Visitor: 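Here it is, the structure in full.
Just so we're on the same page: letters track the sequence lines, and every chain starts at 1. Treat the numbers as computed from the prediction; the structure is a model and nothing was measured.
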Amino acid sequence: EDQVTQSPEALRLQEGESSSLNCSYTVSGLRGLFWYRQDPGKGPEFLFTLYSAGEEKEKERLKATLTKKESFLHITAPKPEDSATYLCAGPLNTGGFKTIFGAGTRLFVKA
Amino acid sequence: GAVVSQHPSRVICKSGTSVKIECRSLDFQATTMFWYRQFPKQSLMLMATSNEGSKATYEQGVEKDKFLINHASLTLSTLTVTSAHPEDSSFYICSARDTLARVGELFFGEGSRLTVL
């Protein structure tokens, strides 16, 4: 069964305390791994796409990496404004562009 | 970047009435749009895939007569919650796929919070 699992469920950091979020997937024929940020009461905002193992993408304090079985979202020196839910997702290999989402990691960064 | 507009952002209705939610791609053509439902502290649950000019494809367990989807143009899809009941109260989100984008680059609307009294 295709599945995307994220951990931890919630993460509390002090401002400046770097950490990583994990996304493991068992999607057959994975055609990419995607990261989104979702603020409360809002729709997800696209962050990164990773297509092959070893690939890395960066945006400000965020860096996403991909291996054959999992992806990490590294947050360096986070600020309170980085507080949000981070979702990872993978397109299903059904030919219809459907995407399966993980449950997300709720990040809280305290000043 | 690509923008998807969803309207209304919040709606409160009485039980038994119908509510329509619109999803528009503002600066790109979207042959495919997706409708999701999200419960508090949970991830997005795909309800249906909306294809321009054809019938929507519903996920297992989603009542197609309850959640009517229309995708009449390349920039607009609508979700109508018919005969709404309190259990339909939820956060509904649409996403659109730019026909020229790579597979996973979905762009999401701001979401619509439905409260059925």
Side-chain angles (χ1 to χ4, degrees), chain A residues 1-11 21 23 25 27 29-52 55 57 59 64 66 71 84-108, chain B residues 1-7 9-10 21 23-25 28 30-52 54 56-60 62 90-115:
Chain A
E1 181 185 353
D2 293 331
Q3 202 166 11
V4 174
T5 305
Q6 290 187 247
S7 63
E9 185 177 315
L11 181 61
L21 282 55
C23 172
Y25 56 89
V27 177
L30 185 72
R31 296 174 292 151
L33 193 291
F34 315 102
W35 283 96
Y36 291 84
R37 169 187 170 135
Q38 185 176 24
D39 292 298
K42 302 282 188 179
E45 174 191 348
F46 176 78
L47 291 174
F48 302 111
T49 305
L50 300 166
Y51 286 101
S52 57
E55 189 175 357
K57 293 276 180 72
K59 180 180 180 180
L66 182 66
S71 177
T85 295
Y86 291 86
L87 301 168
C88 77
L92 294 173
N93 192 26
T94 57
F97 307 110
K98 289 198 295 187
T99 302
I100 183 171
F101 283 82
T105 293
R106 287 178 289 130
L107 175 65
F108 304 92
Chain B
V3 178
V4 174
S5 173
Q6 191 172 338
H7 178 81
S9 58
R10 291 180 183 274
I21 301 170
C23 181
R24 294 181 184 271
S25 57
F28 64 96
T31 54
T32 305
M33 291 186 177
F34 301 91
W35 287 95
Y36 304 83
R37 185 171 180 176
Q38 188 175 34
F39 294 101
K41 298 182 181 180
Q42 293 188 26
S43 192
L44 297 103
M45 182 189 79
L46 180 64
M47 299 174 65
T49 303
S50 172
N51 299 295
E52 186 267 334
S54 64
T57 305
Y58 290 82
E59 295 301 302
Q60 192 173 11
V62 178
S90 191
F91 191 54
Y92 293 88
I93 309 175
C94 73
S95 70
R97 177 185 171 270
D98 186 340
T99 53
L100 301 178
R102 299 181 78 170
V103 173
E105 294 179 358
L106 298 176
F107 300 97
F108 286 83
E110 288 292 295
S112 299
R113 172 77 58 192
L114 170 63
T115 302

Visitor: With a 3.5 Å distance limit and no angle check, can you tell me whether Ser43(B) reaches the backbone of Gly102(A) through a side-chain donor-acceptor pair?
Guide: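 Side chain of Ser43(B) to backbone of Gly102(A), a donor-acceptor pair under 3.5 Å: yes, one is there.
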Visitor: So which of Gly43(A), Pro40(A), Ala10(A), Gly41(A) has the biggest tally of heavy-atom pairs under 4.5 Å with chain B?
Guide: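 Greatest number of close heavy-atom pairs with chain B: Gly43(A).
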Visitor: What part of Gln38(A) gets within 4.5 angstrom of chain B, counting heavy atoms only: side chain, backbone, both, or neither?
Guide: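 Looking at Gln38(A), just its side chain touches chain B.
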Visitor: In this structure, are over 12 heavy atoms from other groups packed under 6.0 Å from Lys42(A) atom NZ?
Guide: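 For Lys42(A), atom NZ is not crowded (no more than 12 foreign heavy atoms under 6.0 Å).
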Visitor: Hey, could you give me the OG1/CD distance between Thr85(A) and Gln42(B), rounded to the nearest 0.5 Å?
Guide: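 Going from the OG1 atom of Thr85(A) to the CD atom of Gln42(B) covers 12.0 Å.
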Visitor: I'd like to check Pro44(A) versus Leu106(B) (side-chain heavy atoms, cut-off strictly below 4.5 Å). Are they in contact?
Guide: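 Side chain of Pro44(A) against side chain of Leu106(B), heavy atoms only: no contact under 4.5 Å found.
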Visitor: OG1/Thr99(A) to CZ/Arg97(B) distance, rounded to the nearest 0.5 angstrom?
Guide: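 Spacing of OG1 (Thr99(A)) from CZ (Arg97(B)) equals 9.5 Å.
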Visitor: Please rank Glu59(B), Gln6(B), Met45(B), Arg10(B) by heavy-atom pairs under 4.5 Å with chain A and give me the top one.
Guide: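 Between Glu59(B), Gln6(B), Met45(B), Arg10(B), the count favours Glu59(B).
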